[in-house]
Amino acid sequence: MKFLVCISNVPDTTTKITFTPDNKEFNKAGVQFVINPWDEYALTRAIELKEAQGSGTVTVLNVGEADTEPNIRKALAIGADDAIRVNAHPKDAFFVAQQIASIAKDGGYDVILMGKESIDYNGFQVHGMVGELLGIPTVAPAMKLDMSGNTATLEREIEGGKEIVEVNTPFVASCQQPMCEPRIPNMRGIMTARTKPLKVVEPTADAARTEVAEYALPPKKQGVKLIPAESAGELIKLLRNEAKVI
């Protein structure tokens, strides 16, 4: 069975966010990038399923420029067999989905996995677009994934509960906890990752459908006002006139 795991290169969660002077781009200067944490669930589960079956391959796919390769190598160190990098800036969700769909179609993959969203934009869009472009089912967000032959059983989160679905390959699934315990690379994995194949391909000619008009930081938090317990009237007045929540 052939697994394709899509990973994003995102700023570390401790990063202080700043933008370029025109507020149209994220300022990468001095920023540490990591594998998108949601994608790590997809990667680890794909590796576990391949190991359980005793055969198959796990290919990592990233749409990004050369500076993403250290994290691609980390994914190979965790246990992926090979990697593909589409040499392009991930302009928007649809552009990324088109690149993934193109690679998936040519590669004949059985299972396409990715995190439910990236922690930088939290778009929750790419998996559905990929499924639509390929004309195959999409299950999102998946909390559990098991395989029996060509049939997958997935548990997904729905409003007020959980839903268990079955789907035949090929399909797309976006992943979240508690699907598995993400792995960290060991020394052997780090050493072998250096020699695993990493193929660089050029993107399809399709242009992005959206562009950023402007980024803006959220307003700074205001100071806290403490109101004595006996001054309920003052509290109500502040909630109505200043906070405007009642």
Side-chain angles (χ1 to χ4, degrees), residues 1-10 35-43 45-46 49 56-64 68 75 80 83-147 149-159 162-177 179 199 201-212:
M1 184 165 290
K2 297 179 68 176
F3 294 88
L4 180 66
V5 180
C6 310
I7 64 171
S8 299
N9 199 54
V10 300
I35 299 174
N36 178 45
W38 298 117
D39 297 335
E40 290 185 332
Y41 289 100
L43 175 60
R45 189 58 186 145
L49 290 169
T57 59
V58 176
T59 299
V60 167
L61 171 61
N62 170 256
V63 179
T68 68
I84 301 170
R85 179 174 67 82
V86 178
N87 188 32
H89 176 70
K91 303 172 185 176
D92 71 355
F94 189 75
F95 175 81
V96 171
Q98 286 179 313
Q99 309 312 311
I100 295 171
S102 177
I103 297 294
K105 184 177 181 181
D106 293 340
Y109 295 95
D110 300 293
V111 180
I112 303 168
L113 300 179
M114 63 191 74
K116 69 172 186 176
E117 60 190 0
S118 61
I119 63 169
D120 48 3
Y121 291 101
N122 301 107
F124 200 77
Q125 300 177 73
V126 175
H127 49 265
M129 293 177 178
V130 172
E132 180 66 21
L133 290 168
L134 293 173
I136 60 177
T138 300
V139 181
M143 303 166 63
K144 187 176 181 181
L145 168 60
D146 293 307
M147 299 291 303
N150 291 327
T151 301
T153 302
L154 300 100
E155 184 178 290
R156 62 184 294 266
E157 189 174 34
I158 60 173
E159 187 71 27
K162 301 175 183 177
E163 179 182 58
I164 297 175
V165 298
E166 287 189 350
V167 62
N168 293 327
T169 58
F171 66 90
V172 179
S174 68
C175 307
Q176 67 173 42
Q177 84 278 15
M179 179 168 283
K199 182 180 179 182
V201 300
E202 293 305 311
T204 62
D206 298 299
R209 302 295 178 91
T210 61
E211 63 179 23
V212 174

>> Go through it in stages, so that I can follow the logic: the residues are Lys116 and Asn122, the test is side-chain contact (heavy atoms from CB on, under 4.5 Å), and I'd like the CA-CA distance, side-chain angles, deciding distance and then a yes or no.
In response: CA-CA 9 Å; Lys116 69 172 186 176; Asn122 301 107; over 6 Å; no
Heavy-atom side-chain proximity of [X] to [Y] below 4.5 angstrom:
X	Y	answer
Leu49	Met1	no
Pro203	Val63	no
Phe171	Val111	yes
Gln99	Lys91	no
Ser174	Val126	no
Ile112	His127	no

> Hey, mind stepping through Thr138 and Glu132 against side-chain contact (heavy atoms from CB on, under 4.5 Å) and telling me if it holds?
Replying inline: CA-CA 8 Å; Thr138 300; Glu132 180 66 21; over 6 Å; no
Kindly give the heavy-atom pair with the smallest separation between [X] and [Y], and that separation in Å.
X	Y	value
Ala101	Leu134	O-CD2, 3.4 Å
Pro90	Val96	CB-CG2, 3.6 Å
Ile35	Ala75	CD1-N, 3.9 Å
Phe124	Pro141	CZ-CD, 4.1 Å
Ala42	Gly115	CB-N, 4.2 Å
Ala152	Met147	CB-SD, 3.3 Å

> Should we say atom CD of Glu202 is surrounded by more than 12 heavy atoms from elsewhere, each under 6.0 Å from it?
Replying inline: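 Count over threshold, so yes.
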>> Around atom CD of Glu163, are there more than 12 heavy atoms from other residues, nucleotides or ligands closer than 6.0 Å?
In response: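 Atom CD in Glu163 is packed in, count exceeds 12.
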Give, for atom [atom1] of [X] and atom [atom2] of [Y], the distance between the pair rounded to the nearest 0.5 Å.
X	Y	atom1	atom2	answer
Gln98	Ile103	CD	CD1	12.5 Å
Arg209	Met129	CZ	CE	9.0 Å
Ile100	Leu4	CD1	CG	7.5 Å
Trp38	Gln176	CH2	CD	5.5 Å
Met143	Tyr41	CE	OH	10.5 Å
Lys105	Ile136	NZ	CD1	12.0 Å

>> Whether the side chain of Asn36 engages the backbone of Ile119 through a donor-acceptor N/O pair (distance < 3.5 Å, no angle test) should be reported.
In response: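 Checked: pair present.
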> Does the Arg85 side chain pair with the main chain of Thr68, one donor and one acceptor, at a distance under 3.5 Å?
Replying inline: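 Looks like no, no N/O pair under 3.5 Å.
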>> Among Asn62, Leu43, Asp39, which residue satisfies the side chain to side chain contact (heavy atoms under 4.5 Å, CB included) criterion with Val5?
In response: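 Of the listed residues Asn62, Leu43, Asp39, the side chain to side chain contact (heavy atoms under 4.5 Å, CB included) partner of Val5 is Leu43.
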